Novice: 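One structure is given below, represented as structure tokens, and several questions about it will come after.
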Amino acid sequence: MTKRILSCMQPTSHLHLGNYLGALKNWVHLQDEGAECFYGVVDLHAITQPYEAGDLLDATREIAAAYIAGGVDPEKSALFVQSAIPGHSQLMWLLATMTQMGKLERMTQFKDKAGKHKERAGLGLFSYPVLMAADILLYKTTHVPVGEDQKQHLELAREIAGTFNHRYDVEHFVVPEPYITGAGTRVMSLRDGSQKMSKSADSDMSRINLTDDADMIAKKIRKAKTDPEPLPGDLKGLEARPEALNLVTIYAALAETSGEKVLEEFGGKSFSEFKPALSDLAVAKLEPITRRMNELMSDKAEIDNILVKGAERAQAVAEPVVEDTMKIMGFWRG
Ligand code: AMP
Ligand code: TRP
């Protein structure tokens, strides 16, 4: 059976190296292996936290441009905007009726984003994982390529699929498998090896954005936090050195090799030697992506064309699934 892939990112701000290494790179691999791929820009998720209405459209196009620049081929993969496919919100409601609040309360991303005042968080933020489950189940997705931080959300999507199938005694929804592989499934901040690299961290120096130019990438790597020791010969030697481990991991992910291999080459060397090598590698890999992204962003009509075609393909799969789901649940369908 061919794999059916779906994954998405929020148009909240620029994509960073973690998004690229943890997710996008795997999306491209799966596409090139011949899987049937759906890649969404999840704008309905993006409004679960304060945002500027005037920025949403450009952010949506920018994420689409980043997908294409990173290697998603719109001829092969359906590239679509979530809000253009009504089935996402429709299915979300249906699934919300079979999701326990207790499970949503345990979601670590909700706890992080809601902060100290949980009672002030919006219902949208609370129910975010149900919308994500709807995104996935709507396409009868078999595999979901994401970074490590999405594992808990995916587990919930699997449970919701199981609950539906059990409650209505059907084999309707496919229980999706996480696809979390490669060295870069959890890229950490360049300023603090205990925090993941994220769009929302205050310091821009903590992340490498796909919009950064070569000088900026070099500067961020030069200033990345490290320790005074040279690199060890094996990964065990990095156990209590999270910042050093992160830089080695980033190198490995960019070079498509393993941390062990990187240390075979750089073991015994100091950061003053390793950082320039990492910087050259990062620039070599990211510069073409940034350049292509800028080109694409100068032709918004072309991006819109791609998104219209992608929406048609997504809709063709999504609509019958909503219909079938509603029939199973006993709704009047005219
Ligand atoms: P987000 O930035 O939350 O929209 O995430 C989009 C995708 O990038 C998801 O698949 C995440 O799991 C992945 N991702 C986000 N941050 C990281 C990170 N620091 N390391 C690896 N993957 C990440
Ligand atoms: N929650 C994901 C994130 O923050 C984005 C997302 C929404 C997603 N819907 C999805 C990822 C469906 C995979 C599949 O990164």
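On a predicted model such as this, the values are computed, not experimentally measured, just so you know. Values below: every heavy atom of this structure, side chains too, minus hydrogens, waters and symmetry copies. Both counts, for ligands and for their atoms, begin at 1 and track the order of listing. Numbering of residues begins at 1 and proceeds along the displayed sequence.
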Novice: So, are K261 and E264 salt-bridged, with charged N and O less than 4.0 Å apart?
Specialist: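 Salt bridge between K261 and E264, a charged N being under 4.0 Å from a carboxylate O: no.
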Novice: If the contact criterion is a heavy-atom separation under 4.0 Å, does S198 count as touching ligand 1?
Specialist: no
Novice: Can we call the ring centroids of H88 and Y139 under 6.0 Å apart?
Specialist: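 That pair passes the under 6.0 Å test.
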Novice: Could you list the atoms of ligand 1 found under 4.0 angstrom from a heavy atom of T185?
Specialist: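 Under 4.0 Å from T185, ligand 1 has these atoms: 20 (N), 21 (C), 22 (N).
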Novice: Under 4.0 Å from any heavy atom of V146, which atoms of ligand 2 are there?
Specialist: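 Reading through ligand 2 atom by atom, the close ones are 11 (C), 13 (C).
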Novice: Do V174 and Y168 sit in one hydrophobic cluster, given that two such residues count as connected whenever their side-chain heavy atoms are within less than 4.5 Å of each other, even indirectly?
Specialist: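 No, V174 and Y168 fall in different hydrophobic clusters.
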Novice: When only distance counts, is M9 in polar contact with ligand 1, meaning an N/O pair under 3.5 Å?
Specialist: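 In fact, backbone or side chain, M9 has no N or O that close.
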Novice: Under 4.0 Å from a heavy atom of G22: which atoms of ligand 1 are those, numbered in the order shown and with their elements?
Specialist: 21 (C), 22 (N)
Novice: If we set the cut-off at 4.0 Å for heavy atoms, which region of I136 has an atom near ligand 2: side chain, backbone, both, or neither?
Specialist: side chain
Novice: Checking a contact table here: which protein heavy atom is nearest atom 1 (N) of ligand 2, and how many Å away?
Specialist: Y128 OH, 2.7 Å
Novice: Examine Q150 against ligand 2 and note whether any of their N/O atoms are separated by less than 3.5 Å.
Specialist: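 Right, the criterion is met.
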Novice: Can M188 be said to touch ligand 1, with heavy atoms closer than 4.0 Å?
Specialist: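 For ligand 1, residue contact (heavy atoms, under 4.0 Å) with M188 is absent.
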Novice: For ligand 2, which atoms sit closer than 4.0 Å to a heavy atom of Q10?
Specialist: 4 (O)
Novice: Which of the atoms of ligand 1 are close to M197, meaning less than 4.0 Å from one of its heavy atoms?
Specialist: 16 (N), 18 (C), 19 (N)
Novice: What atoms in ligand 1 come closer than 4.0 Å to a heavy atom of Q10?
Specialist: 4 (O)
Novice: Can D43 and T60 be counted as having a side-chain donor-acceptor contact under 3.5 angstrom?
Specialist: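 No.
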Novice: N/O to N/O below 3.5 Å, does that happen between K199 and ligand 1?
Specialist: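 Yes; the residue has a nitrogen or oxygen that sits under 3.5 Å from a nitrogen or oxygen of the ligand.
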Novice: Going by the closest heavy atom to atom 2 (O) of ligand 1, which one wins out of L154, V41, L21, N19?
Specialist: N19
Novice: Quick one about S194 and D192 (side-chain donor to acceptor, distance below 3.5 Å, no hydrogens or angles considered), yes or no?
Specialist: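 Yes.
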Novice: Please could you name the atoms of ligand 1 that G184 approaches to less than 4.0 Å, counting only its heavy atoms?
Specialist: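 In order of number, 21 (C).
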Novice: Nearest non-hydrogen atom to atom 17 (C) of ligand 1 belongs to which of S13, G18, A46, S7?
Specialist: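 The residue whose heavy atom sits nearest atom 17 (C) of ligand 1 is G18.
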Novice: With atoms numbered from 1 as shown, which atoms in ligand 2 lie under 4.0 angstrom from a non-hydrogen atom of L6?
Specialist: 12 (C), 14 (C)
Novice: Are any of the N or O atoms of V146 closer than 3.5 Å to those of ligand 1?
Specialist: no
Novice: Using ring centroids (six-membered ring only for Trp), state whether F110 and Y128 fall under 6.0 Å.
Specialist: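 No: the rings miss the under 6.0 Å criterion.
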Novice: Before we go on, tell me: are the rings of Y251 and F274 under 6.0 Å apart, centre to centre?
Specialist: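 Between Y251 and F274, the centre distance is under 6.0 Å.
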Novice: Would R191 and E243 pass as an ion pair if we require N to O under 4.0 Å?
Specialist: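 Between E243 and R191 there is no salt bridge, as every charged N stays at least 4.0 Å from the carboxylate O atoms.
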Novice: Regarding ligand 2, does D135 bring an N or O atom to under 3.5 Å of one of the ligand's N or O atoms?
Specialist: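 Yes, D135 has an N/O under 3.5 Å of an N/O on ligand 2.
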Novice: Taking only residues two or more places apart in sequence, or in another chain, which ones meet F271 in a ring-ring contact (aromatic ring centres under 6.0 Å, His included)?
Specialist: none
Novice: So, Q150 and Q109: side-chain donor and acceptor under 3.5 Å apart, yes or no?
Specialist: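 On atom types as modelled, these side chains qualify, holding a pair under 3.5 Å.
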Novice: In plain terms, say whether R186 and D149 are close enough for a salt bridge, that is, a side-chain N and a carboxylate O under 4.0 Å apart.
Specialist: no
Novice: Would you mind checking which non-hydrogen protein atom is closest to atom 11 (C) of ligand 2, with the distance to 0.1 Å?
Specialist: C8 O, 3.5 Å
Novice: Decide whether T12 and K199 meet the rule of one side-chain donor and one side-chain acceptor closer than 3.5 Å.
Specialist: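 Yes, because at least one side-chain N or O of T12 sits under 3.5 Å from a partner of the opposite role on K199.
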Novice: Scan for ring pair (Phe, Tyr, Trp, His ring centres under 6.0 Å) pairs involving residues 313-334, sequence neighbours excluded, and state none if there are none.
Specialist: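 Sorted pair list comes back empty.
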Novice: Given that the side chain starts at C-beta and the backbone is N, CA, C, O, which of these parts of V144 lies under 4.0 Å from ligand 2, counting heavy atoms, or is it both or neither?
Specialist: side chain
